[in-house]
Amino acid sequence: QVQLVESGGGLVQAGGSLRLSCAASGRTFSTYAMGWFRQAPGKEREFVAAISWGGARTYYADSVKGRFTISRDNAKNTVYLQMTSLKPDDTAVYYCAKGARDIATPLLQGNGVDYWGKGALVTVSS
């Protein structure tokens, strides 16, 4: 059983920055891809970013490319999402996700997730 706990959400003005963290339990964190998804009010959950098991490969939704950065610290069992130049459209609940494989590409389509966090609310005011 794996538990994912997000932190770092909150209220920020447009143009500001936030860093989300996701702490994972379990000894095998370092062997699996991780990802971030988000769900805005009234919308379906969508892919935001993903990172391969060792951090060598990262992937981003077009809407966040150049503004968000995903990273991981396998020694700390933690994955991060650094968000800059935030926009009101980034307002959503952000979910950490553990991939079922070491590669991250399945996560881009929302597939291959075997564990989800409970989410962290990010609100960007205009």
Side-chain angles (χ1 to χ4, degrees):
Q1 190 76 4
V2 173
Q3 288 188 328
L4 305 174
V5 180
E6 301 96 337
S7 61
L11 174 64
V12 63
Q13 288 188 332
S17 300
L18 277 177
R19 188 177 80 158
L20 300 180
S21 300
C22 172
S25 65
R27 300 179 181 177
T28 59
F29 170 82
S30 62
T31 61
Y32 295 98
M34 298 292 295
W36 288 95
F37 293 75
R38 68 186 181 186
Q39 186 168 18
K43 296 186 177 180
E44 293 188 352
R45 186 155 54 188
E46 64 176 2
F47 167 78
V48 175
I51 188 167
S52 60
W53 68 276
R57 295 188 181 272
T58 57
Y59 305 86
Y60 298 93
D62 287 343
S63 59
V64 307
K65 202 170 293 183
R67 301 188 298 120
F68 291 12
T69 302
I70 188 171
S71 62
R72 65 190 298 162
D73 185 338
N74 286 342
K76 295 182 178 180
N77 277 17
T78 302
V79 62
Y80 305 97
L81 185 68
Q82 179 68 50
M83 304 182 292
T84 63
S85 300
L86 282 161
K87 306 174 182 179
D89 283 350
D90 294 318
T91 295
V93 176
Y94 284 72
Y95 296 92
C96 177
K98 176 187 167 296
R101 299 181 59 185
D102 54 349
I103 60 173
T105 46
L107 299 178
L108 276 66
Q109 305 301 323
N111 298 321
V113 174
D114 56 5
Y115 291 96
W116 294 92
K118 293 184 177 181
L121 176 62
V122 172
T123 303
V124 184
S125 63
S126 57

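When reading the values below, keep in mind they use all heavy atoms of this one structure, side chains included, and skip hydrogens, waters and symmetry mates. Remember, predicted model here, so these are calculated numbers, not experimental data. Along the sequence shown, residues are numbered consecutively beginning with 1.
The two residues Ile103 and Pro106 come nearest to each other via the heavy atoms O-CD, 3.7 Å. Residue Ser21 comes nearest to Thr78 through the heavy atom pair CB-CG2, 4.3 Å, listed as atom of the first residue, atom of the second, then distance. Counting all heavy atoms, side chain and backbone alike, Leu108 lies closest to Ala50 at CD1-CB, 4.4 Å. Of all non-hydrogen atoms in Ala104 and Ala33, the two that sit nearest each other are CA-CB, 3.7 Å. Heavy-atom minimum distance, Leu4 versus Ala24: CD2-CB, 3.5 Å.
The salt bridge (charged side-chain N to carboxylate O under 4.0 Å, His left out) check on Arg67 picks up Asp90, with sequence neighbours excluded. With sequence neighbours excluded, the residues forming a salt bridge (charged side-chain N to carboxylate O under 4.0 Å, His left out) with Asp114 are Lys98, listed by chain and number. Remark: Asn74 engages Arg72 in a side chain to side chain donor-acceptor pair (under 3.5 Å) (not counting sequence neighbours).
Sorted by first and then second residue, the ring pair (Phe, Tyr, Trp, His ring centres under 6.0 Å) pairs with a member in residues 68-101 form an empty list; sequence neighbours excluded. Within the structure, every pair that satisfies the disulfide (SG to SG under 2.5 Å) test and touches residues 63-126, not counting sequence neighbours, is listed here: Cys22-Cys96. The list of salt bridge (charged side-chain N to carboxylate O under 4.0 Å, His left out) pairs with a residue in residues 4-13, not counting sequence neighbours, is empty. For residues 97-126, the set of pairs meeting the disulfide (SG to SG under 2.5 Å) definition, not counting sequence neighbours, is empty. Identified under the ring pair (Phe, Tyr, Trp, His ring centres under 6.0 Å) test for residues 6-36, with sequence neighbours left out: none. Contacts classified as side-chain hydrogen bond (donor to acceptor under 3.5 Å, both in side chains) and involving residues 39-61 (residues at least two apart or in different chains) are given here: Arg38-Glu46.
Between the OG atom of Ser30 and the CG atom of Asn77 there is a distance of 7.5 Å, given to the nearest 0.5 Å.
When hydrophobic side chains of Ile, Leu, Val, Met, Phe, Trp and Tyr are connected at separations under 4.5 Å, Val5 ends up as a singleton with no cluster partners.
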Residues 115-126, side-chain donor-acceptor partners within the protein, below 3.5 Å, at least two apart:
none

Distance-only donor-acceptor pairs under 3.5 Å for side chains of residues 13-20, two or more places apart:
none

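The only member of Leu81, Ile70, Leu107 that meets side chain to side chain contact (heavy atoms under 4.5 Å, CB included) when paired with Val48 is Leu81.
The hydrophobic cluster containing Val93 does not contain Met34, counting ILVMFWY residues as joined when their side-chain heavy atoms lie under 4.5 angstrom apart, directly or transitively. In the hydrophobic cluster analysis, where Ile, Leu, Val, Met, Phe, Trp and Tyr join through side-chain heavy atoms closer than 4.5 angstrom, Ile51 is grouped together with Met83.
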